[in-house]
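Just so we're on the same page: letters track the sequence lines, and every chain starts at 1.
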Number of protein chains: 2
Amino acid sequence: MLKKSVRYSSVFCFVYFGSYLFNFITLKPKITLKDIARELEVSISTVSKALKNSEEISRDTKEKVQAFARLYNYKPNNIAVSLKNKRTKNIGVVIPDIVHHFFTTVIRGIEKYANAKGYNVIVCLSEESFDKEVINMEMLANGSIDGFIMSLSSETQAKGDYNHLKEVTEQGIPVVLFDRITHEIDCDKVVIDDKLGGYLATKKLIEQGKQRIALIATDDYLSVSKARSQGYTKALLDHGIPVEPSRILKLPTMEMDEDRIRDFFETSDMDAVLCVNEIFAVYSMGLALEKGLKIPEDIAFIGFTDGLLSKYAHPSLTVVAQHGERMGEISAQMLIEKVESENEEETFQTKILEPTLVLRNSTIN
Amino acid sequence: MLKKSVRYSSVFCFVYFGSYLFNFITLKPKITLKDIARELEVSISTVSKALKNSEEISRDTKEKVQAFARLYNYKPNNIAVSLKNKRTKNIGVVIPDIVHHFFTTVIRGIEKYANAKGYNVIVCLSEESFDKEVINMEMLANGSIDGFIMSLSSETQAKGDYNHLKEVTEQGIPVVLFDRITHEIDCDKVVIDDKLGGYLATKKLIEQGKQRIALIATDDYLSVSKARSQGYTKALLDHGIPVEPSRILKLPTMEMDEDRIRDFFETSDMDAVLCVNEIFAVYSMGLALEKGLKIPEDIAFIGFTDGLLSKYAHPSLTVVAQHGERMGEISAQMLIEKVESENEEETFQTKILEPTLVLRNSTIN
DNA sequence: ATATTTACCGAAAACGGTTTCGTGTTGATA
DNA sequence: TATCAACACGAAACCGTTTTCGGTAAATAT
């Protein structure tokens with residue numbers, strides 16, 4: 001037995017190198033089960049089982065195979081395993097944009113959790129386009145991923161067409177929607193309580209003695225902006241302050257529109273501003289400073305999204321933190337649970353995270 | 001013929017629905033070539049060829065098959081195709097961080113180009129850790145991707161250990177390194193001329209009459225920071241200004257260290273500051289403002305990275321733009337060319353992009 | 001009428017694994 | 001000595017494609 005073992009190893013080296021001699025100098029391609037089986041003169045099944053430490057295989061053979069595999073750095077081919085198991089260990093993330101701080105933190109959260117669970121993350125950008133969202137999902141839905149985590153593009157939300165989501169869920173592919181969601185699709189969802197966020201921020205401003213609080217938001221089709229506006233309105237009403245339409249600016253998208261914001265500042269009179277993102281807020285602060293106003297005494301500011309901008313702006317910006325990273329982690333967790341759950345009980349849940357106020361120098365503390 | 005055709009369609013409906021009746025109400029799973037073949041009573045090969053419009057197949061059959069496939073929304077399974085073709089149409093992107101503006105713009109560039117070419121992007125984060133970088137690459141290298149685009153983690157650069165890259169390239173997997181590269185690996189590379197960037201920025205400051213120009217950088221193991229520092233030094237010397245070590249602060253990483261920067265400002269005397277990123281610069285501007293200094297008259301600032309921060313800071317920050325999106329596009333283009341090239345001529349190129357100065361209010365214009 | 005194309009189609013191998021099931025050998029038991 | 005587990009391993013199906021290689025029938029040429 002020993003003799004045979006010794007003999008094979010020397011024989012092997014010759015045969016193996018021989019068969020790959022062609023491009024041996026430059027390339028050493030991945031080794032497969034078949035290669036190992038051939039060189040060790042056992043069957044592919046045996047190799048497979050040996051590597052899985054199956055007790056069906058003798059100690060001797062297992063050691064032989066495992067040593068060999070280690071030596072030649074054998075790693076199973078993911079694609080083949082995926083095909084067999086019908087599990088890719090990939091999750092698809094489709095988001096509108098990646099340059100926005102919020103989304104990058106969510107991705108980081110997803111990545112962190114998914115990676116720890118052995119999953120890879122395929123990122124696709126819809127760039128706020130309905131068509132791109134559809135195309136990306138179709139690409140991924142043909143076997144590339146085990147499930148989706150996504151946030152709707154603004155165009156999709158404006159259009160209200162969710163057939164691409166429906167198709168995917170009907171195929172049995174799990175979906176988790178976060179932040180920009182729709183209630184028309186049955187799936188898991190993760191959001192922060194944007195209305196509460198708007199409420200808390202507005203309340204904070206009121207408590208600081210502000211009475212003429214302006215709002216810079218986007219049109220209501222964007223679910224998050226709508227909710228934040230509602231929180232703003234509710235806070236005002238709860239404190240007996242009338243909602244003054246002239247103090248509300250609704251931009252068509254989250255894109256920066258310097259002219260319209262500037263106009264708004266010229267024509268409207270206010271002592272505080274709530275903005276649905278940090279860019280609007282920081283830009284607005286700039287306008288206020290230009291006008292010689294003192295922040296926060298003359299005019300206070302609160303934005304959404306706790307990004308770099310808020311932290312390093314001058315003055316630093318008080319914001320409603322959205323906890324993107326946590327949101328990503330939760331999304332990934334919910335998705336992976338669904339993916340790995342055997343039972344087909346279709347129960348969906350919506351997790352609502354609480355926003356928190358991060359106090360900085362754009363408000364009185 | 002016609003009769004048969006009519007008959008099959010009705011028969012099919014019954015059979016197909018029948019076989020999937022089990023969970024028909026909730027799920028309609030993906031249809032495969034085999035399904036089509038079975039229902040149309042032809043072979044799998046015929047279906048495959050018909051869908052590819054092979055002229056080996058009669059007009060009649062092709063139409064039948066194609067109509068059927070369209071009706072049931074057949075899409076080939078990516079995994080199976082990948083296994084067969086040994087091409088995944090995925091590219092792996094391994095970067096140190098995703099919350100930094102520069103990297104997100106690069107990803108966007110990669111995504112844009114790759115998507116247009118039918119590729120998907122798998123993003124993995126090393127989080128500046130050597131081990132994570134290695135693990136991620138190993139995960140992806142087992143068949144999941146056709147090639148890598150990556151930027152080295154700081155730990156990897158500090159360690160100088162590139163064996164994981166070597167292994168991958170030896171397996172014949174194409175790699176494109178961008179921004180944080182190493183010359184120890186033979187592969188395509190894309191960088192901006194950081195030395196030139198540092199030079200241009202410093203020269204600009206000198207031309208504005210600044211003589212006591214400080215530098216806030218990181219330790220030299222970070223290739224980009226080193227190059228930028230060299231540009232700074234060269235510009236000073238070219239203009240006959242001695243390099244004053246007390247005006248140079250080298251932090252261990254790109255992470256913010258408020259205390260050390262504050263210390264540096266207390267102890268050093270300067271009329272301009274060049275920073276290797278925008279965060280250092282904007283934070284420093286804050287310190288200057290606190291001290292009652294006028295920007296840019298008393299002290300001017302230039303940073304690297306043309307992000308949100310630079311644009312919306314107060315005053316807005318003059319920066320060396322790195323053109324991340326372009327860098328991503330070029331990286332993706334180089335990689336995909338390598339992936340799709342048949343010939344094995346191993347020629348590698350390094351593309352050097354020119355940085356440009358974006359003038360804003362932190363310098364005199 | 002026979003030989004040769006041509007048009008159409010199917011069987012089977014291959015990609016690289018996993019897994020079920022069967023089988024030959026061995027040693028213990030009756 | 002016949003019987004039977006236990007043990008160790010291999011054959012083969014399978015995942016869903018692609019692609020090569022034949023093969024059959026009709027159509028054409030001889």
Side-chain angles (χ1 to χ4, degrees), chain A residues 1 4-5 8 29-66 68-69 72-90 141-146 171-172, chain B residues 1 4 8 29-66 69 72-90 141-146 171-172:
Chain A
M1 198 52 175
K4 185 185 165 195
S5 170
Y8 99 75
K30 283 256 155 192
I31 190 177
T32 69
L33 285 188
K34 196 196 276 192
D35 295 328
I36 303 182
R38 178 165 28 80
E39 304 306 339
L40 257 42
E41 293 179 321
V42 292
S43 76
I44 293 179
S45 344
T46 302
V47 177
S48 176
K49 290 170 191 164
L51 291 175
K52 293 195 138 46
N53 237 318
S54 160
E55 50 199 35
E56 223 179 313
I57 306 297
S58 71
R59 241 183 94 74
D60 236 43
T61 310
K62 279 198 278 195
E63 279 174 4
K64 215 168 63 178
V65 172
Q66 288 170 5
F68 190 93
Y72 286 92
N73 194 29
Y74 168 80
K75 296 276 167 54
N77 180 304
N78 290 336
I79 300 291
V81 174
S82 295
L83 182 59
K84 184 86 243 271
N85 297 349
K86 301 185 149 243
R87 283 279 188 76
T88 64
K89 286 260 177 183
N90 286 152
N142 297 316
S144 298
I145 49 97
D146 295 339
Q171 279 171 31
Chain B
M1 197 54 175
K4 184 185 168 194
Y8 102 78
K30 283 258 155 192
I31 191 178
T32 69
L33 285 188
K34 196 196 276 189
D35 295 327
I36 303 182
R38 178 165 29 79
E39 304 305 341
L40 258 42
E41 296 179 318
V42 293
S43 76
I44 294 180
S45 343
T46 302
V47 177
S48 176
K49 290 171 194 163
L51 291 175
K52 293 197 139 45
N53 238 316
S54 160
E55 49 198 39
E56 224 180 310
I57 306 296
S58 70
R59 242 182 94 74
D60 235 41
T61 310
K62 278 197 280 194
E63 280 173 3
K64 213 167 65 178
V65 172
Q66 287 170 7
Y72 286 91
N73 193 29
Y74 168 80
K75 296 276 165 55
N77 179 306
N78 289 335
I79 299 293
V81 174
S82 293
L83 182 58
K84 185 88 244 279
N85 298 349
K86 299 180 150 253
R87 282 278 187 78
T88 63
K89 286 259 176 184
N90 287 152
N142 297 317
S144 298
I145 50 96
D146 295 339
Q171 279 171 32

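- Positionally, the nearest nucleotide of DNA chain D for Glu56(A) lies more toward the 5' end than for the other of Ala80(A) and Glu56(A).
- In terms of position along DNA chain C, the nucleotide closest to Glu55(B) lies nearer the 5' end than the nucleotide closest to the other residue of the pair Glu55(B) and Asn85(B).
- For the pair Leu83(B) CG and dT18(C) P, the computed distance is 12 Å after rounding to whole Å.
- Atoms NZ (Lys30(A)) and C1' (dG17(C)) sit 14 Å apart, rounded to a whole Å.
- Counting non-hydrogen atoms under 4.0 angstrom, Thr61(A) reaches the backbone sugars and phosphates but no base.
- If you measure from atom CD1 of Ile79(A) to atom P of dG17(C), you get 11 Å, rounded to the nearest angstrom.
- Listed nucleotides: dG17(C), dT17(D), dC9(C). Nearest to the side chain of Pro76(B): dT17(D).
- For Lys84(B) and dT18(D), a side-chain-to-base donor-acceptor distance below 3.5 Å is present, hydrogens and geometry of angles not being considered.
- Rounded to whole Å, atom C1' of dC9(D) lies 11 Å from atom NZ of Lys64(A).
- Under 3.5 Å, the side chain of Lys49(B) and the base of dG10(C) form at least one donor-acceptor pair of N or O atoms.
- Side-chain nitrogen and oxygen atoms of Ser45(B) include none within less than 4.0 Å of the OP1 or OP2 phosphate oxygen of dT18(D).
- Listed pair Ser58(A) / dC9(D) meets the phosphate criterion, a side-chain N or O lying under 4.0 Å from OP1 or OP2.
- Rounded to whole Å, atom C1' of dG17(C) lies 16 Å from atom NZ of Lys75(A).
- A heavy-atom distance below 4.5 Å is found between the side chains of Leu40(B) and Lys64(B).
- Heavy atoms of Thr32(B) sit under 4.0 angstrom from primed sugar atoms or phosphate atoms, though from no base atom.
- Proximity note for Ser43(A) (side chain, C-beta onward) versus dC9(D), dT18(D), dG10(D): the nearest is dG10(D).
- Between Lys34(B) and dC15(D), a side-chain N or O to OP1/OP2 separation shorter than 4.0 Å is present.
- Under the side chain to side chain contact (heavy atoms under 4.5 Å, CB included) test applied with Ile79(B), the options Asn142(A), Asn90(A), Leu83(A) reduce to a single match, Leu83(A).
- One can place CZ of Arg38(B) at 11 Å from P of dG16(D), the figure rounded to the nearest angstrom.
- Residues Asp146(A) and Lys89(A) come closest through the heavy atom pair OD2-N, 2.8 Å.
- For the pair Tyr74(A) and Ile31(A), the tightest heavy-atom approach, listed with the atom from each and the gap, is CD1-O, 3.3 Å.
- If you measure from atom CG of Asn53(A) to atom P of dT18(C), you get 14 Å, rounded to the nearest angstrom.
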Kindly list each side-chain donor-acceptor pair under 3.5 angstrom involving residues 47-54 of chain A, sequence neighbours excluded, with atom names and distances?
{"from": "Lys49(A)", "atom 1": "NZ", "to": "Glu56(A)", "atom 2": "OE2", "distance (Å)": "3.4"}
{"from": "Asn53(A)", "atom 1": "OD1", "to": "Lys62(A)", "atom 2": "NZ", "distance (Å)": "3.4"}
{"from": "Ser54(A)", "atom 1": "OG", "to": "Glu56(A)", "atom 2": "N", "distance (Å)": "3.0"}

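- An OP1 or OP2 oxygen of dC8(C) is reached within less than 4.0 angstrom by no side-chain nitrogen or oxygen of Thr46(B).
- Proximity of Tyr74(A) to the phosphate of dG16(C): no side-chain N or O atom is located under 4.0 Å from OP1 or OP2.
- Rounded to an integer number of Å, the gap from CD1 of Ile44(A) to C1' of dC14(D) is 14 Å.
- Minimum heavy-atom separation, Ser144(A) to Asn78(B): OG-ND2, 2.8 Å.
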